[in-house]
Amino acid sequence: MKRILFTAVFSTISVLSFAQKAVEFSINPEIGKKLPVTLLIKTDVEGPQSMIMDMTLNMSLTPTKNENNVFTIDNTTESVKVDIDAGMMVVNYDSQMEPKDEISKAMASQFGKLIGQTIITKVDNKGKTLDVQLPEDMLQGIDKETFTSMTPSLPATAVKPGDTWTTTNEINNEMIGKMELISTYKEETDLGYVVDITGKIFNPSNSEIGSLSGTYLLDKTTHFTKESKLKSTFELQGTKIISDITATIQ
């Protein structure tokens with residue numbers, strides 16, 4: 001009986017020790033390896049001109065360079081599908097289909113600009129986006145912030161499940177000044193490491209205008225994102241904007 005009890009206690013301690021194993025996160029994607037990416041962006045605008053837009057981008061992501069733990073990553077758009085519901089008008093566009101009417105042609109003239117375009121990002125080994133380079137004729141509806149969220153900000157030291165760290169992302173565009181984020185290393189699963197984030201969104205005048213939450217699944221070997229789901233909600237001049245971004249990297 002004592003032996004059985006000892007074995008049970010030892011097994012429990014072993015499980016708890018494994019569950020609380022510390023991890024020192026450091027991004028290290030394989031240089032030159034092309035990764036297929038599916039990016040889903042759903043935007044719900046509630047206000048005087050309400051609108052729902054669903055956009056699907058099929059892309060290829062290729063880390064091209066590593067200089068002192070700063071990675072250059074090319075993101076090339078291969079196809080795009082857009083569905084817009086503006087109440088009185090519903091329009092659709094699929095880059096893999098020939099536009100047949102005037103509305104489809106107008107959509108193609110705008111969203112077709114994305115095809116073949118390469119967005120270059122520079123990210124350090126702790127997930128901080130240092131630079132995003134958009135092509136000059138890139139669609140205005142696609143902004144840099146979409147690509148600064150491809151990886152989470154990672155802690156400087158090793159962390160155990162339940163540990164948290166804080167970061168501030170300076171945005172400085174016309175709508176958003178910064179985001180203050182709290183990240184939590186949640187757990188290790190068979191698929192990878194899970195990191196949850198919550199945060200507050202501030203306008204350029206430093207007034208809080210919204211919130212952000214989401215989850216990242218990180219590869220166990222490279223600590224690079226395998227999947228992310230982010231939701232942001234903020235309000236500007238009486239218009240509420242809800243954005244859901246899901247990225248899947250194979």
Asks: Do Ile115 and Met97 land in one hydrophobic cluster if side-chain heavy atoms of ILVMFWY residues count as linked below 4.5 Å?
Replies: no
Asks: Whether the side chain of Thr38 engages the backbone of Thr248 through a donor-acceptor N/O pair (distance < 3.5 Å, no angle test) should be reported.
Replies: no
Asks: Search all heavy atoms of Ser232 against all heavy atoms of Leu212 and return the closest pair with its distance.
Replies: CB-CD1, 3.7 Å
Asks: Report the distance from atom CD1 of Ile241 to atom CD of Glu46, rounding to the nearest 0.5 Å.
Replies: 10.0 Å
Asks: Will you find, in the side chains of Thr118 and Thr76, an N or O donor that is under 3.5 Å from an N or O acceptor?
Replies: yes
Asks: Report yes if the side chains of Tyr193 and Val159 come closer than 4.5 Å at any heavy-atom pair, otherwise no.
Replies: no
Asks: With sequence neighbours left out, write down each residue that passes side-chain contact (heavy atoms from CB on, under 4.5 Å) with Ile31, or none if nothing qualifies.
Replies: Pro63, Asn66, Phe71
Asks: For the residue pair Lys126 and Ala156, what are the closest heavy atoms and their distance?
Replies: NZ-O, 4.0 Å
Asks: Indicate if Leu40 and Val80 have the same hydrophobic cluster label, given that clusters are the connected sets of ILVMFWY residues with side-chain heavy-atom separations under 4.5 angstrom.
Replies: no
Asks: Regarding Asn206 and Lys178, is there a side-chain donor-to-acceptor distance under 3.5 Å anywhere?
Replies: yes
Asks: Ignoring hydrogens and angles, tell me if any N or O in the side chain of Thr225 forms a donor-acceptor pair with the backbone of Met150 under 3.5 Å.
Replies: yes
Asks: Here's a test for you: under side chain to side chain contact (heavy atoms under 4.5 Å, CB included), which of Ile249, Asp74, Asn75 qualifies with Met59?
Replies: Asn75
Asks: Can you name the closest pair of heavy atoms from Met89 and Val91 and give their distance?
Replies: CG-CG1, 3.9 Å
Asks: With sequence neighbours excluded, what pairs up with Leu217 under the side-chain contact (heavy atoms from CB on, under 4.5 Å) test?
Replies: Thr189, Leu191, Val194, Lys226, Glu227
Asks: Report yes or no: do Ile242 and Met175 belong to one cluster of Ile/Leu/Val/Met/Phe/Trp/Tyr joined by side chain heavy-atom distances under 4.5 Å?
Replies: no
Asks: Which value, rounded to the nearest 0.5 Å, describes the distance between Tyr185 atom OH and Asp196 atom CG?
Replies: 11.5 Å
Asks: Hey, is Lys81 close enough to Asp94 for a salt bridge, meaning N to O under 4.0 Å?
Replies: no
Asks: First locate atom CG of Leu35, then atom CD of Glu30, and finally report the distance between them rounded to the nearest 0.5 Å.
Replies: 8.5 Å
Asks: Taking the side chain as everything from C-beta on, heavy atoms only, tell me whether Leu154 gets closer than 4.5 Å to Ser26.
Replies: no
Asks: Hey, mind stepping through Thr166 and Glu180 against side chain to side chain contact (heavy atoms under 4.5 Å, CB included) and telling me if it holds?
Replies: CA-CA 7 Å; Thr166 60; Glu180 294 182 352; over 6 Å; no
Asks: According to a 4.5 Å side-chain heavy-atom criterion applied to Ile, Leu, Val, Met, Phe, Trp and Tyr, with indirect links allowed, do Ile52 and Phe234 form part of one hydrophobic cluster?
Replies: no
Asks: Side chains of Pro152 and Leu218: closer than 4.5 Å at any heavy-atom pair?
Replies: yes
Asks: Does the side chain of Asp83 pick up a donor-acceptor pair with the side chain of Asn92 at under 3.5 Å?
Replies: yes
Asks: Checking the side chain of Trp165 only, and the main-chain atoms of Ser153 only, is there a donor and an acceptor separated by less than 3.5 Å?
Replies: yes
Asks: Provide the closest heavy-atom pair for Val195 versus Ser183 in the form atom of the first, atom of the second, distance.
Replies: CG1-CB, 4.3 Å
Asks: Can you name the closest pair of heavy atoms from Thr77 and Leu114 and give their distance?
Replies: CB-O, 3.2 Å
Asks: Contact between Ile119 and Leu134 at the side-chain level, heavy atoms closer than 4.5 Å - yes or no?
Replies: yes
Asks: To the nearest 0.5 Å, what is the distance between OG1 (Thr62) and CD1 (Ile120)?
Replies: 11.5 Å
Asks: Taking the side chain as C-beta and beyond, is there a heavy-atom pair between Gln110 and Tyr93 under 4.5 Å?
Replies: no
Asks: Is it the case that the side chain of Thr151 and the backbone of Gly127 share a donor-acceptor pair, with hydrogens and angles ignored and the cut-off at 3.5 Å?
Replies: yes
Asks: Does Thr184 form a side chain to side chain contact (heavy atoms under 4.5 Å, CB included) with Thr164? I'd like the steps, not just the answer.
Replies: CA-CA 4 Å; Thr184 303; Thr164 64; 3.2 Å; yes
Asks: Rounded to the nearest 0.5 Å, how far apart are OG1 of Thr233 and CD1 of Ile209?
Replies: 11.0 Å
Asks: Shortest non-hydrogen contact from Lys220 to Gly192?
Replies: CG-CA, 3.7 Å
Asks: Does some side-chain heavy atom of Pro155 sit less than 4.5 Å from a side-chain heavy atom of Phe25?
Replies: yes
Asks: What's the separation between atom CG in Asp54 and atom NZ in Lys42, rounded to the nearest 0.5 Å?
Replies: 5.5 Å
Asks: Report the C-alpha distance between Val23 and His223 in whole Å, list the side-chain angles of each, state the deciding distance to 0.1 Å, and finish with yes or no for side chain to side chain contact (heavy atoms under 4.5 Å, CB included).
Replies: CA-CA 10 Å; Val23 179; His223 295 176; 4.2 Å; yes
Asks: Any link between Met53 and Val90 through a network of hydrophobic side chains (Ile, Leu, Val, Met, Phe, Trp, Tyr) touching at under 4.5 Å?
Replies: no
Asks: Would you say that Leu230 contacts Ile197 through its side chain, given a criterion of any heavy-atom pair below 4.5 Å between the two side chains?
Replies: yes
Asks: Evaluate side chain to side chain contact (heavy atoms under 4.5 Å, CB included) for Ile84 paired with Met107, printing each intermediate quantity in order.
Replies: CA-CA 10 Å; Ile84 299 176; Met107 294 276 285; 4.2 Å; yes
